[in-house]
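In what follows, chains are A, B, ... by sequence order, proteins preceding strands, each numbered from 1.
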Protein chains: 2
Amino acid sequence: METNVTLPPRRITLKDLAAELGVSTASISNAFNRPDQLSPKLRERILSEARRLGYSGPDAKARSLRTGRSRIIAVVLAESLTYSLNDAVASELLTGIAEVLDVHGHTLLLLSGRQHISQAPGSSSMADGFIAYGLMPPSLMLLADLPAQHPLVAVDFTPEGYPTVHIDNEPASYAIACHALKTLPQRPAVVTLRLTKEPCNGRITDEYEPLPAERTITRSRLAGFQRAFSEHGIDPAQVPMWNIEENTYEVCAPVLEEILDLPDDQRPDLLLCMSDRIALTALTLAEQRGLRIPEDLRLTGFDGIAEGQYRAPRLTTVRQDSVEKGRLAARMILGLAPREAKVLTTELLIGESCP
Amino acid sequence: METNVTLPPRRITLKDLAAELGVSTASISNAFNRPDQLSPKLRERILSEARRLGYSGPDAKARSLRTGRSRIIAVVLAESLTYSLNDAVASELLTGIAEVLDVHGHTLLLLSGRQHISQAPGSSSMADGFIAYGLMPPSLMLLADLPAQHPLVAVDFTPEGYPTVHIDNEPASYAIACHALKTLPQRPAVVTLRLTKEPCNGRITDEYEPLPAERTITRSRLAGFQRAFSEHGIDPAQVPMWNIEENTYEVCAPVLEEILDLPDDQRPDLLLCMSDRIALTALTLAEQRGLRIPEDLRLTGFDGIAEGQYRAPRLTTVRQDSVEKGRLAARMILGLAPREAKVLTTELLIGESCP
DNA sequence: CTGAAAGCGCTTACAG
DNA sequence: CTGAAAGCGCTTACAG
């Protein structure tokens, strides 16, 4: 048998500290949480004794059970964390969320929409609230599994009955398309992002059905493009479309190579892309092929990420303030802003890729 | 007075469910947590009844208090979350961490080294363990405030007595410098990252003292550069150095403009940069000034981020596998890998920026 | 295979 | 300003 001397030093609790000091547990708790509930003198004594004994404050797990609040807000991301953390737009959104949470003493729990229910069962009921980002029909079912009575704010999608944060996708797309169409293209084309019901990484043929949901951002952006085409005398149905399944260089590249490697007389001379990532990939690949931008090919993006503005030629794009979207969603979830359907405006940025 | 009918539907608990079904609370708990502890028939009944009544499983807050484990791992980031989420290297690290946590049913809590102690007091005691990334002397004190007896793994810095994950900074820097010095430069220069004790965003003069810590990554990388200089007959003390305070385009740009705008006969013809971000900013600004890369200016980076490889000219750099660093740190914290001091190797990537 | 009971560490009315 | 006591919702030996 071991002697007592070598017993593992059990973590000291609030109760131990109270016993040690000869005061009630309430006073210890108040010393940490409600300074006005006890004399400064006693508080000082408690705090210094706590430090001395290595007690670093009330245990968060116990506190959260008792109070019902954890000061944790969970962000449910549509994609894997791997993808989301490396996507400029998602990163900016998280930035805005984190900024507001920080200031208000909350912390950020990251949940992947892909698997959080099965993999971390119940760990989500720890959060005081949820911000869900860009969930698409398959992952939408997650919402049902989220603990009831916890507030939820949806960003970039529109579930029935929840507060939302959006941007003006349709008007913004319309605006950038109108700008591009001021110079009428010979062969305009559109590159969409996750538009089809069945995965399609390439040319969208008649076999593919667009996503049913009327209010996905991808459908809204396409609607804006098409309205502009119509008004400029171009039949939207005649504009070829390619679809991208994931907004990364690796997934974009083969589709754009397919487009850029078309014979000169079939290759589009205007590419309206639904994201900057798509447009930037097109830019890189076009340069590799000796195509001149904008003379041989004009390109527009969407998002306004830094990478597209810190290079030559700069991208013509729609700048959305994703950081502000995050801030707003966080304020809503913390009850600092009214929980309603909010639409942020965007700004047309004209670069050299489509002057 | 309201009637009972309109009372808010109190969230149903495990106990309620047990009462409703006429079984013990233990069986409910077992139905969710230990399927082998009860008959499949009873389990099915419990699960389906739970679904019917809107009980989505045991409450995480209560469970974590009772079991002492939350299945949450906290990552303490040196910089603000704003910075970290937009930094390619930090994002990759988080990616690797998240990947392993996901697979093992854990979730990721993000803590900013800058403020988590004061702002979210105690909320950190929720985590089962900590991964601290790149903490520098000022933030190093955080370690003392972290709840005791929780495991901690340090990445890219070396606190006394903790397991660590590192890369071979000195040899890697030596290797890339040797490559660059195969062609002897007229005017080599070094751009460091957070090297000085006092903030310095610009030329490092004698007034500035380097950080005291011998084992910061920045000191290791500099040591590698200097060893290579010496071996190639260049006195390291004669090589001018500029320092950058934050690894972002905005903060890098003014310093690099200062360097690039030097008169032709003073402007460096080789720039060894301590990060790809620095080198890429130099690249953009050099191109804007009509400087030819590599003819007028050769550039090397460090990190091997995607952005440096998906453009022309490609960056000559050291590729470190930050995702793997994250995976390893996560495995250590979960007890799936031995908690030791681990050093990952890197790879020299030769691009067109310094052939 | 099932149930009764203790207790994880705290916070908060409430009485003094 | 301080203290005694209840209870947040669960899990887990343990006895049956």
Side-chain angles (χ1 to χ4, degrees), chain A residues 10-46 49-50 53-71 121-128 147-150, chain B residues 10-46 49-50 53-71 121-128 147-150:
Chain A
R10 197 172 62 77
R11 206 156 139 307
I12 188 174
T13 69
L14 182 147
K15 208 168 145 194
D16 300 334
L17 187 57
E20 187 77 27
L21 281 167
V23 302
S24 80
T25 58
S27 294
I28 309 286
S29 175
N30 286 332
F32 282 95
N33 300 319
R34 306 195 292 185
D36 55 312
Q37 298 294 300
L38 76 178
S39 64
K41 198 163 133 58
L42 178 57
R43 176 156 193 262
E44 247 335 298
R45 184 164 150 248
I46 291 175
E49 201 65 358
L53 296 173
Y55 180 72
S56 53
D59 178 75
K61 295 194 271 293
R63 186 219 298 261
S64 73
L65 172 58
R66 179 56 231 234
T67 64
R69 310 198 321 110
S70 61
R71 302 186 146 260
S123 142
S124 60
S125 59
M126 192 123 241
D128 293 341
Q149 338 216 278
H150 285 220
Chain B
R10 197 172 62 76
R11 206 156 141 306
I12 188 173
T13 69
L14 182 147
K15 208 169 146 192
D16 300 333
L17 187 57
E20 186 77 26
L21 280 166
V23 302
S24 78
T25 58
S27 293
I28 309 285
S29 175
N30 286 332
F32 284 95
N33 300 319
R34 305 194 293 185
D36 55 312
Q37 297 294 301
L38 75 178
S39 64
K41 197 162 133 57
L42 178 57
R43 176 156 192 262
E44 249 334 298
R45 183 162 151 250
I46 290 175
E49 200 66 357
L53 295 172
Y55 180 73
S56 52
D59 178 75
K61 294 194 274 290
R63 185 218 300 259
S64 72
L65 173 59
R66 178 57 230 231
T67 63
R69 310 197 323 108
S70 61
R71 300 185 150 261
S123 142
S124 59
S125 59
M126 193 125 241
D128 292 342
Q149 338 218 278
H150 286 220

Rounded interatomic separation in angstrom, taking [atom1] from [X] and [atom2] from [N]:
X: A:Asp16; N: C:dC10; atom1: CG; atom2: C1'; answer: 12 Å
X: B:Lys41; N: C:dT2; atom1: NZ; atom2: P; answer: 10 Å
X: A:Leu14; N: C:dC8; atom1: CG; atom2: C1'; answer: 13 Å
X: B:Lys15; N: C:dG7; atom1: NZ; atom2: P; answer: 16 Å
X: B:Ile46; N: C:dT2; atom1: CD1; atom2: P; answer: 8 Å
X: B:Arg63; N: C:dG9; atom1: CZ; atom2: P; answer: 18 Å
X: B:Asn33; N: D:dA13; atom1: CG; atom2: C1'; answer: 15 Å
X: A:Met126; N: D:dG9; atom1: CE; atom2: P; answer: 13 Å

message = Which is more 5' along DNA chain C, the nucleotide nearest B:Asp36 or the one nearest B:Ala62? Just name the residue.
response =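 Whichever sits nearer the 5' end wins; that is B:Asp36.
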If D:dC14 has a Watson-Crick or G-U wobble mate with both distances under 3.5 Å, name it; if not, just say none.
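Partner of D:dC14: C:dG3.
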task = Establish, with yes or no, whether the OP1 or OP2 oxygen of C:dG9 is under 4.0 angstrom from a side-chain nitrogen or oxygen of A:Tyr55.
result =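 No, because none of the side-chain N or O atoms of A:Tyr55 sits under 4.0 Å from OP1 or OP2 of C:dG9.
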*For D:dC8, take OP1 and OP2 only and decide whether either is under 4.0 Å from a side-chain N or O of B:Thr13.*
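B:Thr13 to D:dC8 OP1/OP2: no side-chain N or O under 4.0 Å.
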Out of [options], whichever nucleotide has its closest atom nearest the side chain of [X]:
X: B:Arg34; options: D:dC10, C:dT11, D:dT12; value: D:dT12
X: A:Asn30; options: C:dG3, C:dG7, C:dT12; value: C:dT12
X: B:Leu38; options: C:dT2, D:dT11, C:dC10; value: C:dT2
X: B:Ser24; options: C:dG9, C:dG3, D:dT11; value: C:dG3
X: B:Ser29; options: C:dC1, D:dC8, D:dT12; value: D:dT12
X: A:Ser39; options: C:dC1, D:dT2, D:dG9; value: D:dT2
X: B:Val23; options: C:dG3, D:dT11, C:dT11; value: C:dG3

Q: Check step by step if side-chain contact (heavy atoms from CB on, under 4.5 Å) holds for A:Asp16 and A:Leu53.
A: CA-CA 10 Å; A:Asp16 300 334; A:Leu53 296 173; over 6 Å; no
- Heavy atoms under 4.0 Å, any strand shown: does A:Ser64 hit a base, just sugar-phosphate, or nothing?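 No contact.
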message = Regarding B:Leu42, tell me which of base, sugar-phosphate or nothing describes its non-hydrogen contacts under 4.0 Å with the strands shown.
response =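 Since only primed, P, OP1 and OP2 atoms lie under 4.0 Å of B:Leu42, the category is sugar-phosphate.
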Quick check against the 3.5 Å criterion: does [X] have a side-chain atom that pairs as donor or acceptor with the backbone of [Y]?
X: B:Ser29; Y: B:Thr25; result: no
X: A:Ser125; Y: B:Ala60; result: yes
X: A:Ser70; Y: A:Met126; result: yes

Self-check item: B:Leu65 vs B:Ser27, nearer the 5' end of DNA chain D by closest nucleotide
Solution: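 In this pair, the answer is B:Leu65.
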Here's a test of your reading of the structure: between A:Arg66 and B:Thr67, which maps to the more 5' nucleotide of DNA chain D?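 Final value for this comparison: A:Arg66.
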Point to revise | Considering all heavy atoms, the nearest A:Tyr55-A:Leu17 contact | key: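 It is CD2-CD2, 3.6 Å.
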Give a yes-or-no answer on whether the side chains of B:Asn30 and B:Ser27 include a donor-acceptor pair shorter than 3.5 Å.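 There is no such pair between these side chains.
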